Amino acid sequence: MNIPESKFPRIVIIGGGFAGVNLVKSLANEKVQVVLLDKHNYHTFQPLLYQVSSSGLEPDSIAYPLRKIIKKNSNTFFRLAEVENIDAQKKEITTTIGTLSYDYLVIATGTKTNFFGNKSIEANSMPMKSIPQALNIRSLILQNFEKAAISSSEKDREAYLNFVIVGGGPTGVELAGAIAELKNHILPRDYRDLDSRTMQIHLLEGTDRVLSSMSEQASKKSEVFLKSLGVQVHTNVFVTDYDGKGVTTNSNLKLQTETLIWAAGVTGSLVNGLKAESMLEKTNRYVVNRFNQIAGYDSIFALGDIASMSTDEYPNGHPQVAQPAIQQGKLFGQNIMRIINKQSPKPFVYKDKGSMATIGRNKAVVDLKYYKFGGFFAWFIWMFIHLISLVGFRNRVIIFFNWSYNYINFDKAARLIIRPYKK
């Protein structure tokens with residue numbers, strides 16, 4: 001890998017997500033050698049992926065080069081690679097570009113889409129966990145608009161204009177709202193030869209309410225917001241099959257659609273090599289203690305979504321969202337230096353700053369510890385928090401301009417089929 005030898009301990013970090021990036025920043029110019037590995041050369045701000053999918057933002061506004069993050073860190077190296085195996089005895093990893101030894105290994109690989117073993121759904125639906133996948137969804141939506149415009153068959157036209165989103169969590173709710181805004185503001189202007197009323201958006205949720213991880217108040221408000229935008233919400237409904245044309249569910253509901261977007265769950269993105277008792281089979285997360293140390297290993301750690309840290313408040317591990325990953329990354333940077341210097345590390349305590357989701361223009365819900373609200377003020381707070389959380393000043397400026405332009409003109413400027421998608 002052309003990593004120079006060093007007299008300092010080598011810390012290898014797998015994954016450039018929220019946990020990995022914050023760990024790298026916290027170790028800047030410490031007396032360690034840091035090697036960051038990722039299969040992409042950029043960090044993705046995943047909370048805004050749905051806006052790329054729905055033509056609201058271009059992908060470069062939610063991505064930031066990993067090499068730019070570390071450019072001032074004299075002790076840090078980046079390599080574009082996928083890790084294939086961990087040899088804990090040799091303290092060595094095998095990657096697509098070679099092998100590398102480590103003194104301390106940190107796994108921050110996050111999650112991937114969980115299809116719950118349904119191969120047909122996996123083969124035919126559209127996941128949204130990465131920028132390439134978000135671009136695929138954007139292209140497919142716009143291509144279906146174009147196909148509907150020239151279709152002579154009413155049945156085919158309806159299938160092209162029928163969008164099914166599976167999963168009523170924040171991702172599904174936000175995407176449903178964004179696609180509804182395409183229907184309400186873009187379709188009537190760009191496709192005047194289509195009747196926008198024929199476009200349908202179905203949101204399917206397996207539990208009894210959307211946003212089940214948030215308060216009941218947030219769930220009720222978000223459902224009201226979705227229905228006001230024209231989204232058809234189906235609760236206690238889960239998909240049993242999708243063949244690329246028809247959706248089959250556990251109920252009498254059957255839908256014909258060319259577009260099924262899968263946002264129904266995630267599973268940990270494990271790395272081969274560690275023993276089975278170090279991970280939870282059900283969720284594919286590594287079992288870690290309060291110092292993020294993986295069970296059964298002295299020098300291997302896990303951070304963020306891939307780590308399951310059981311506490312009194314979170315017996316099943318922390319929620320798989322950005323804040324736990326960010327907070328663990330920052331604290332672990334201090335803890336690994338304490339470990340190296342033979343000092344006691346500090347146990348991780350998650351500070352829940354609240355939850356939020358946006359459903360569309362002037363519509364959002366926010367759950368804080370003592371206060372829960374929705375509407376325009378919640379939407380404004382959602383925008384502000386996401387702006388200041390972005391990596392890079394340029395990205396903040398570009399997204400602020402895009403949001404301002406979209407708000408004033410009821411427009412989504414990124415509706416471009418740059419890379420046509422083929423099923």
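In this text the structure is predicted, and so the values were computed from the model without any measurement. We count residues from 1, following the sequence as given.
Separation of atoms CG (D411) and NE2 (H185) is listed at 10.5 Å; rounding is to 0.5 Å. Interatomic distance, Q323 CD to S389 OG, rounded to the nearest 0.5 Å: 7.0 Å. Rounding to the nearest 0.5 Å places CG of N335 at 10.5 Å from CD of Q328. Taking OG of S54 as the reference point, atom CG of L48 lies at 10.0 Å (rounded to 0.5 Å). In this structure, the separation between OG on S196 and CG on D190 is 12.0 Å, given to the nearest 0.5 Å. To the nearest 0.5 Å, the span separating CD1 on I137 from CE on M126 amounts to 5.0 Å.
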Evaluate side-chain contact (heavy atoms from CB on, under 4.5 Å) for L161 paired with E258, printing each intermediate quantity in order. CA-CA 8 Å; L161 294 177; E258 291 284 334; over 6 Å; no
One pair to check against side-chain contact (heavy atoms from CB on, under 4.5 Å): L226 and L203. What are the steps and the verdict? CA-CA 9 Å; L226 285 167; L203 178 63; 3.7 Å; yes
Stepwise, does the side-chain contact (heavy atoms from CB on, under 4.5 Å) test hold for I93 with I86? CA-CA 5 Å; I93 59 171; I86 300 168; 4.1 Å; yes
Can F291 and F332 be said to form a ring pair (Phe, Tyr, Trp, His ring centres under 6.0 Å), step by step? CA-CA 8 Å; F291 313 109; F332 188 73; 10.0 Å; no
side-chain contact (heavy atoms from CB on, under 4.5 Å) between I3 and R10, worked out: CA-CA 10 Å; I3 303 293; R10 176 181 289 164; 3.7 Å; yes
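Remark: K372 NZ is packed, more than 12 non-hydrogen atoms of other residues, nucleotides or ligands lying under 6.0 Å away. Crowding of F380 atom CZ: a count of heavy atoms from other residues, nucleotides or ligands under 6.0 Å not exceeding 12. Heavy-atom neighbours of R197 CZ from other residues, nucleotides or ligands within 6.0 Å: at or below the threshold of 12. Within a 6.0 Å radius of NZ in K275, other residues, nucleotides and ligands contribute more than 12 heavy atoms. Atom CZ of F116 has more than 12 heavy atoms from other residues, nucleotides or ligands within 6.0 Å. Within 6.0 Å of CZ on F401 lie no more than 12 heavy atoms contributed by other residues, nucleotides or ligands. Heavy atoms from other residues, nucleotides or ligands lying under 6.0 Å from OH of Y421 number more than 12. More than 12 heavy atoms of other shown residues, nucleotides or ligands fall within 6.0 angstrom of atom CG in D193.
The aromatic rings of H318 and Y314 are tilted relative to each other, their planes meeting at an angle between 30° and 60°. Classified by interplanar angle (parallel below 30°, tilted 30° to 60°, perpendicular above 60°), the ring pair F18/H43 is perpendicular. A parallel orientation is assigned to the rings of H234 and H202, their planes being inclined by less than 30° (bins at 30° and 60°).
Using a 4.5 Å heavy-atom threshold, the side chains of I179 and I261 count as touching. Taking the side chain as every heavy atom from C-beta outward, L260 and N124 never approach each other to under 4.5 Å. Proximity of N284 to N114: side-chain heavy atoms (C-beta onward) are nowhere separated by under 4.5 Å. Inter-residue side-chain proximity for L368 and Y370 is flagged as unmet; no heavy-atom pair is nearer than 4.5 Å. Annotation: side chain of I306 is in contact with side chain of L270 (closest heavy-atom distance under 4.5 Å). Side-chain atoms of K412 and Q51, non-hydrogen and from C-beta on, never get closer than 4.5 Å to each other. In this structure, I359 and L229 have side chains that are in contact, with non-hydrogen atoms separated by less than 4.5 Å. Put simply, the side chain of L80 does not reach to within 4.5 Å of the side chain of T96, judged on heavy atoms.
For the residue pair N289 and Q293, a side-chain donor N or O sits within less than 3.5 Å of a side-chain acceptor on the partner. Remark: the R209 side chain and the S219 side chain contain an N/O donor-acceptor pair separated by less than 3.5 Å. Between the side chains of Y160 and Q143, not a single donor N or O lies within less than 3.5 Å of an accepting N or O. Under 3.5 Å, the side chains of N144 and T259 contain a donor-acceptor pair of N or O atoms. Using a 3.5 Å distance cut-off with no hydrogens or angles, the side chains of E205 and T207 do pair a donor with an acceptor. Inspection of the T240 and N250 side chains reveals no N or O donor paired with an N or O acceptor under 3.5 Å.
T109 places a side-chain N or O within donor-acceptor distance of the main-chain N or O of S269, the cut-off being under 3.5 Å. A donor-acceptor contact shorter than 3.5 Å links the side chain of N395 to the backbone of A63. A donor-acceptor pair under 3.5 Å is absent between the side-chain atoms of N362 and the main chain of F376, judged by distance alone.
Cation-pi geometry between K68 and F78 is not met at under 6.0 angstrom from the ring centre and within 45 degrees of the axis.
With respect to D60 and R394, a salt bridge is recorded, a charged nitrogen being found less than 4.0 Å from a carboxylate O.
Annotation for A414 and G56: closest pair CB-C, 4.4 Å, computed over non-hydrogen atoms. Heavy-atom minimum distance, Y297 versus A88: CE2-CB, 3.5 Å.
With sequence neighbours left out, E58 forms a salt bridge (Lys or Arg N to Asp or Glu O under 4.0 Å) with R138.
Aromatic ring centroids of W379 and F225 lie 6.0 Å or more apart.
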